[in-house]
Amino acid sequence: MIGELDVLSEWIPEQMRPGAIFVLENAGSVGEKDDPYWAVLSCPSCGTLGLITRKQISGLVPVICGSGNCSVQFFIRDSEIEVRKPF
Ligand SMILES: [Zn+2]
């Protein structure tokens, strides 16, 4: 599990290693109005790519990996990853 995000300034699929994040060019204009999609994140644990929203990138809502055999949950704190402890 990677503990820090690697912010990419360009969309380079080969560099989307676990923990890499790329802010969408049309960030804020896709998805729900009050919480639009903002970036593509490679799961810091398994590397599965997923879209994250503005609330997730600002740490208000946890990110949950979409992969069925991972399902890790974490918060984004600036560029750090804070794993959500199970209750
Ligand atoms: Zn994962």
Side-chain angles (χ1 to χ4, degrees):
M1 179 90 174
I2 308 279
E4 205 167 324
L5 295 178
D6 180 19
V7 183
L8 301 183
S9 52
E10 268 184 277
W11 174 250
I12 305 167
E14 303 82 64
Q15 288 191 14
M16 287 303 286
R17 289 185 284 263
I21 186 167
F22 175 75
V23 175
L24 300 167
E25 275 160 29
N26 57 354
S29 62
V30 194
E32 293 186 34
K33 215 174 193 175
D34 63 335
D35 192 16
Y37 289 119
W38 209 261
V40 181
L41 174 68
S42 175
C43 173
S45 182
C46 73
T48 298
L49 295 183
L51 283 167
I52 59 168
T53 67
R54 189 168 64 193
K55 284 182 183 171
Q56 288 176 315
I57 205 168
S58 52
L60 297 170
V61 173
V63 180
I64 301 167
C65 179
S67 168
N69 44 25
C70 172
S71 66
V72 69
Q73 294 188 29
F74 55 90
F75 285 98
I76 296 172
R77 304 280 183 224
D78 297 319
S79 61
E80 307 257 308
I81 289 164
E82 184 186 307
V83 178
R84 193 181 192 195
K85 306 280 189 305
F87 293 107

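Whatever order the structure lists ligands and atoms in, that order sets their numbers, starting from 1. The figures here come from the full heavy-atom set of this structure, side chains too, leaving out hydrogens, waters and symmetry mates. The first residue of the sequence shown is numbered 1, and numbering continues consecutively from there. Please read these numbers as outputs of a predicted model, since none were measured by experiment.
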Handout entry: Environment of the Zn ion (ligand 1) in terms of protein N/O/S atoms, cut-off under 2.8 Å
Key = C43 SG, C46 SG, C65 SG, C70 SG

Handout entry: Taking every non-hydrogen atom, the tightest pair across R54 and D34
Key = NH2-O, 3.8 Å

Practice task
Provide the full list of side-chain hydrogen bond (donor to acceptor under 3.5 Å, both in side chains) pairs with a residue in residues 65-81, sequence neighbours left out, each pair given once.
Solution key: S67-N69, Q73-R84, R77-E82

For residues 40-52, run the donor-acceptor check on the side chains, cut-off 3.5 Å, and write out each pair with its distance to 0.1 Å, sequence neighbours left out.
from : atom 1 : to  : atom 2 : distance (Å)
S42  : OG     : M16 : O      : 3.4
S42  : OG     : R17 : O      : 3.1
S42  : OG     : G47 : O      : 3.2

Practice task
Among residues two or more places apart or on two chains, list those pairs meeting side-chain hydrogen bond (donor to acceptor under 3.5 Å, both in side chains) that have a residue in residues 19-28.
Solution key: none

Handout entry: Within one Ile-Leu-Val-Met-Phe-Trp-Tyr cluster: F74 and I57, side-chain cutoff 4.5 Å
Key = yes

Handout entry: Cluster link I76 to V23, ILVMFWY, side chain under 4.5 Å
Key = yes

